[in-house]
2 protein chains.
Amino acid sequence: MGRRTGTRRVGIADVALKAGVSHATVSRVMNGNFTVDPAIAQRVRDAAAELNYQPNPVGRSLALGKTDTIGIVVPDLANPTFQAILRGLSMAAAQDGYRVLIADSSEVSSEEAILAGEARRRCDGLVLCAPRMGDAELEELAPSLHPMVLINRSTTETRVPSLEVDYSQGVQELAEHLVGLGHTSIAFLAGPARSASNRARMAGLDKFRAAHPGVELRMLEGGSSFETGHEAVDEVLASGATGVLAFNDLVAMGLLSGLHERGVRVPEDISLTGFDDIPFARYTTPPLTTAAVPITELGERAWHSLRALIRNAEAPDEETTFQPRLEIRGSTGPAGT
Amino acid sequence: MGRRTGTRRVGIADVALKAGVSHATVSRVMNGNFTVDPAIAQRVRDAAAELNYQPNPVGRSLALGKTDTIGIVVPDLANPTFQAILRGLSMAAAQDGYRVLIADSSEVSSEEAILAGEARRRCDGLVLCAPRMGDAELEELAPSLHPMVLINRSTTETRVPSLEVDYSQGVQELAEHLVGLGHTSIAFLAGPARSASNRARMAGLDKFRAAHPGVELRMLEGGSSFETGHEAVDEVLASGATGVLAFNDLVAMGLLSGLHERGVRVPEDISLTGFDDIPFARYTTPPLTTAAVPITELGERAWHSLRALIRNAEAPDEETTFQPRLEIRGSTGPAGT
DNA sequence: TTGAAAGCGCTAACAC
DNA sequence: GTGTTAGCGCTTTCAA
């Protein structure tokens, strides 16, 4: 049995009573059903306005079997990349009258499945953003989460569209750019081990290595934050590399700041690249050379895919790969000055 | 009458049937009601596990009159300040089993009321973040949105707690800091006109002006983004000011980058301050002198206030003001070199 | 301890 | 064109 919390909320029954009609008629009017006599419709609208009545979405949801809400699960809301995806998703969904519910797994991969399930049950669909869980678990979970779209991850489940960024290609272009500038000793400051996008970058660098046997390429352990980059200064300097590929812009910015504190000049002494092209990247000193990913658009596209799934119940079987665009700025320069 | 979307979802009835008990008993077991015979309870749990049953939150919400969800309305999800508030709110609410629904008004103040109302109806409570709407409208809206907490805005409605940052005090300290460094010509690069926090800064600067008749203080129109700051370079240079107070860190960073492009040295030629101390502020070159606001904590506190309102239905009548902390870094230095 | 039944607020089929 | 009624999936009172 329901509960009253504080002031009684006005429901459809109150309006019906006031207008002297049935619930059904009120419902029809509120939903713009034109089979209602105009005079009566007006009476209902007046009553509704007078009582300041607004239909209860929970009641509607139960009756209609939909919530007009979608969920998004992200590993870390502090990460500008995920913030931008969220923003793109939220804006696009809002255009179609959908709201978004957020779930932050705080990089705890064991929480993801539970969070995703809970979010999914409250919503009409789900966006799973760069999930850290293992492939097997993702594969097993996917059917129960449908409709869902995946960002920076994929599954064999055919009904699940995947939006992916070609990190492999991007990092290769960045590395080629450094080689083009004469760098022969390069270091990669890696990201979180569980991150699929980090694995993709690794794969890209393997290809790069095969194509450039003469170039020395070192892998350095890292993470995905400012702090990681800032703390890596010593390791980077010790590596002797003149060109550094940071996991992403955040890491690059932390490193840049650390190098600056040490009096190491960028790009004269060390060339440095980021990844993502977050809004801040162009405002560092020097501005960051990076691989630009249309992150906000990614969120927008995620909604479009999800919308199709929700509407059709048939999968568009979309699998889209976004190509990063090399953005050359001041943080990279000729080697060996 | 309800609708079936795709695959039939398993409901309480299926479990009841399988376990050979009534709906009511299943409900009791699922809610940890111990008045159920242990053997039967186990049978129910087994059936639930086998069917992979999870209670439908919409059904629960309707019966219980609560959604375990709160809403947040922000003027612009692209703003790091609001992102940090959202994050603090989301993390804190998650601790108590609440999720958050987001609504971005895109700085369109006329949308705020509608968005807020819609969000509120779907949720158990609302956080209204730096609303751009007028005082009168806010005042009128407040009762219908209860329980709600306000960030960087206040109302006379006693049941609405307000969490505010003392921008007036912060900007005064920043200005004093510049004066202490010998600056006698200062410019304030203002924020959005509708922003209450901008008005608070203005008020603070009025006080500052009264206290320092000898200091020349110019007001420059601006906004709240990078771009605003970047575009303001000419105006700032034309003002002849040697000390510049930017509306926030974002604006300061844009301006910093613009000054750098012009070959203007910071802090040698111009000293520059931001506001907020977003995570990026310490990583600019030079690092930004700013007034640090515990933004994430603000979100966290917002949840605590809201939680109290939701639980008590009585208002804690909280009115908290956060004092910014002066964070002196490299972007400010002695005047007149 | 358990089940039957009412009710949360709404939509929609069906009958008038 | 409008009202009656069933039903969405759940919780909870009440009676057994």
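Computed from heavy atoms alone, side chains included, the values below leave out hydrogens, waters and symmetry copies. Residue numbering restarts at 1 for every chain, and letters A, B, ... go by the order of the sequence lines.
- Sorted by first and then second residue, the pairs that involve residues 113-124 of chain B and meet side chain to side chain donor-acceptor pair (under 3.5 Å), not counting sequence neighbours, are A:Arg99-B:Glu118, B:Thr67-B:Asp124.
- Comparing C:dG9, C:dT11, C:dA4 by their nearest atom to the side chain of A:Leu62 picks out C:dG9.
- Looking at A:Glu164 and A:Thr320, their side chains never bring a donor and an acceptor atom within 3.5 Å of each other.
- Heavy atoms of A:Val21 sit under 4.0 angstrom from primed sugar atoms or phosphate atoms, though from no base atom.
- The side-chain heavy atoms of B:His304 and B:Glu300, taken from C-beta on, include a pair separated by under 4.5 Å.
- Between A:Glu50 and A:Lys18 there is a salt bridge, since at least one side-chain N of the basic residue sits less than 4.0 Å from a carboxylate O of the acidic one.
- Residues of residues 25-50 of chain A having a heavy atom closer than 4.0 Å to DNA chain D, listed by number: A:Thr25, A:Arg28, A:Thr35, A:Val36, A:Asp37, A:Ile40.
- Between the CZ atom of B:Arg60 and the P atom of C:dG9 there is a distance of 17 Å, rounded to whole Å.
- Per the geometry, NE2 belonging to A:His23 stands 17 Å off C1' belonging to C:dC14, to the nearest Å.
- Atom CG of A:Leu64 and atom C1' of D:dG7 are 12 Å apart (whole Å).
- Note: CG (A:Asn56) to P (D:dC8) measures 18 Å, nearest angstrom.
- Taking B:Asp46 as the reference, nothing meets the salt bridge (Lys or Arg N to Asp or Glu O under 4.0 Å) condition, with sequence neighbours excluded.
- The environment of A:Glu140 atom CD is sparse: at most 12 non-hydrogen atoms of other residues, nucleotides or ligands sit within 6.0 angstrom.
- Look at CD1 on A:Ile12: it is 11 Å from P on C:dA12, rounded to the nearest Å.
- Here C:dC10 presents its C1' atom at 13 Å from CZ of B:Arg122, a figure rounded to the nearest Å.
- Of the candidates D:dC10, C:dC10, D:dG3, the closest approach to any side-chain atom of B:Ala63 belongs to D:dC10.
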Inset, instruction - Apply the test side-chain hydrogen bond (donor to acceptor under 3.5 Å, both in side chains) to residues B:Ser106 and B:Glu111: give CA-CA distance (whole Å), side-chain angles for both, the deciding distance (0.1 Å), then the verdict. - result: CA-CA 9 Å; B:Ser106 304; B:Glu111 283 291 299; over 6 Å; no
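- For B:Leu17 and C:dG3, the CG to P distance is 13 Å, given to the nearest whole Å.
- A residue-by-residue look at B:Val58 and B:Ala24 shows that B:Val58 has its nearest nucleotide of DNA chain D further toward the 5' end.
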